[in-house]
A.B. asks: 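The structure's right below; bear with me while I get my questions together.
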Amino acid sequence: VQLQASGGGLVQPGGSLRLSCAASGDTLRWYFIGWFRQAPGKEREGISGIRGSDGNTFIADSLKGRASISRDSTKNTVYLQMNNLKPEDTAVYYCAASSAYLGWNGLTSERVYDYWGQGTQVTVSS
């Protein structure tokens, strides 16, 4: 499966962005889709995930209350809606797909992922 992440950009603190992860080559229903981000000088961290088989969603504490993840099966796309963005949210955001049955462990291990998108830059600054 090929993943295309998009929707990043420059936003002021307190603003919102919706990131998209569009898939081609297979249906997302068979995958766990995770969102990761990597800030300059920091390790990549898992921030959200959605399990294709049942739609269960997972949001890391760093974004809890400010983000939601959803999918549109008709567009084979997963969305990450982020609100009340802060400067510390500045990072390159990646989506990834895993054929394994994952839950919270989908946010803590990159090794379980089979496919990665190219990343989209999010910059939160006034």
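All values below were derived from every heavy atom in this structure, side-chain atoms included, with hydrogens, water molecules and symmetry-related copies excluded.
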A.B. asks: Within the 4.5 Å heavy-atom criterion, are Leu28 and Val78 side-chain neighbours or not?
C.D. replies: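 Contact flag for Leu28/Val78 side chains = yes.
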A.B. asks: So, Gln118 side chain and Ala5 main chain: donor-acceptor pair closer than 3.5 Å or not?
C.D. replies: yes
A.B. asks: Check the orientation of Trp116 and Phe36. Use parallel for under 30°, tilted for 30 to 60°, and perpendicular for over 60°.
C.D. replies: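 The rings of Trp116 and Phe36 sit tilted, inter-plane angle from 30° to 60°.
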A.B. asks: Under 3.5 Å, which donor-acceptor pairs do the side chains of residues 52-60 form with other protein atoms, sequence neighbours left out?
C.D. replies:
unit_1: Asp54; atom_1: OD1; unit_2: Arg51; atom_2: NE; d: 3.1
unit_1: Asp54; atom_1: OD1; unit_2: Asn56; atom_2: N; d: 3.0
unit_1: Asp54; atom_1: OD2; unit_2: Arg51; atom_2: NE; d: 3.2
unit_1: Asp54; atom_1: OD2; unit_2: Arg51; atom_2: NH2; d: 2.9

A.B. asks: Is the shortest heavy-atom distance from the side chain of Thr90 to the side chain of Ser125 under 4.5 Å?
C.D. replies: no
A.B. asks: With Thr77, which residues qualify under side-chain contact (heavy atoms from CB on, under 4.5 Å), at least two apart?
C.D. replies: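 Listed in chain order: Ser20, Ala22, Lys75, Tyr79.
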A.B. asks: In chain order, what residues pass the side-chain contact (heavy atoms from CB on, under 4.5 Å) check against Asp89, with sequence neighbours excluded?
C.D. replies: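 Here the qualifying residues are Arg37, Leu63, Arg66, Leu85, Lys86, Tyr93, Val124.
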A.B. asks: Please identify each residue that fulfils side chain to side chain donor-acceptor pair (under 3.5 Å) with Ser126, with sequence neighbours left out.
C.D. replies: none
A.B. asks: Could you go through residues 10-19 and list every donor-acceptor pair under 3.5 Å that involves a side-chain atom there, pairing it with any protein atom two or more places apart or in another chain?
C.D. replies:
unit_1: Ser16; atom_1: OG; unit_2: Asn83; atom_2: OD1; d: 3.0

A.B. asks: Please check if atom NZ in Lys42 has more than 12 non-hydrogen atoms from other residues, nucleotides or ligands closer than 6.0 Å.
C.D. replies: no
A.B. asks: If you measure from OG on Ser48 to CG on Leu80, what distance do you get to the nearest 0.5 Å?
C.D. replies: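 Reported to 0.5 Å precision, the distance equals 5.0 Å.
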A.B. asks: In Å, rounded to the nearest 0.5 Å, how long is the span from OH of Tyr94 to CD of Glu110?
C.D. replies: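 That separation rounds to 9.5 Å.
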A.B. asks: Partners of Tyr113 by side chain to side chain donor-acceptor pair (under 3.5 Å), sequence neighbours excluded?
C.D. replies: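 For Tyr113 there are no side chain to side chain donor-acceptor pair (under 3.5 Å) partners, ignoring immediate neighbours.
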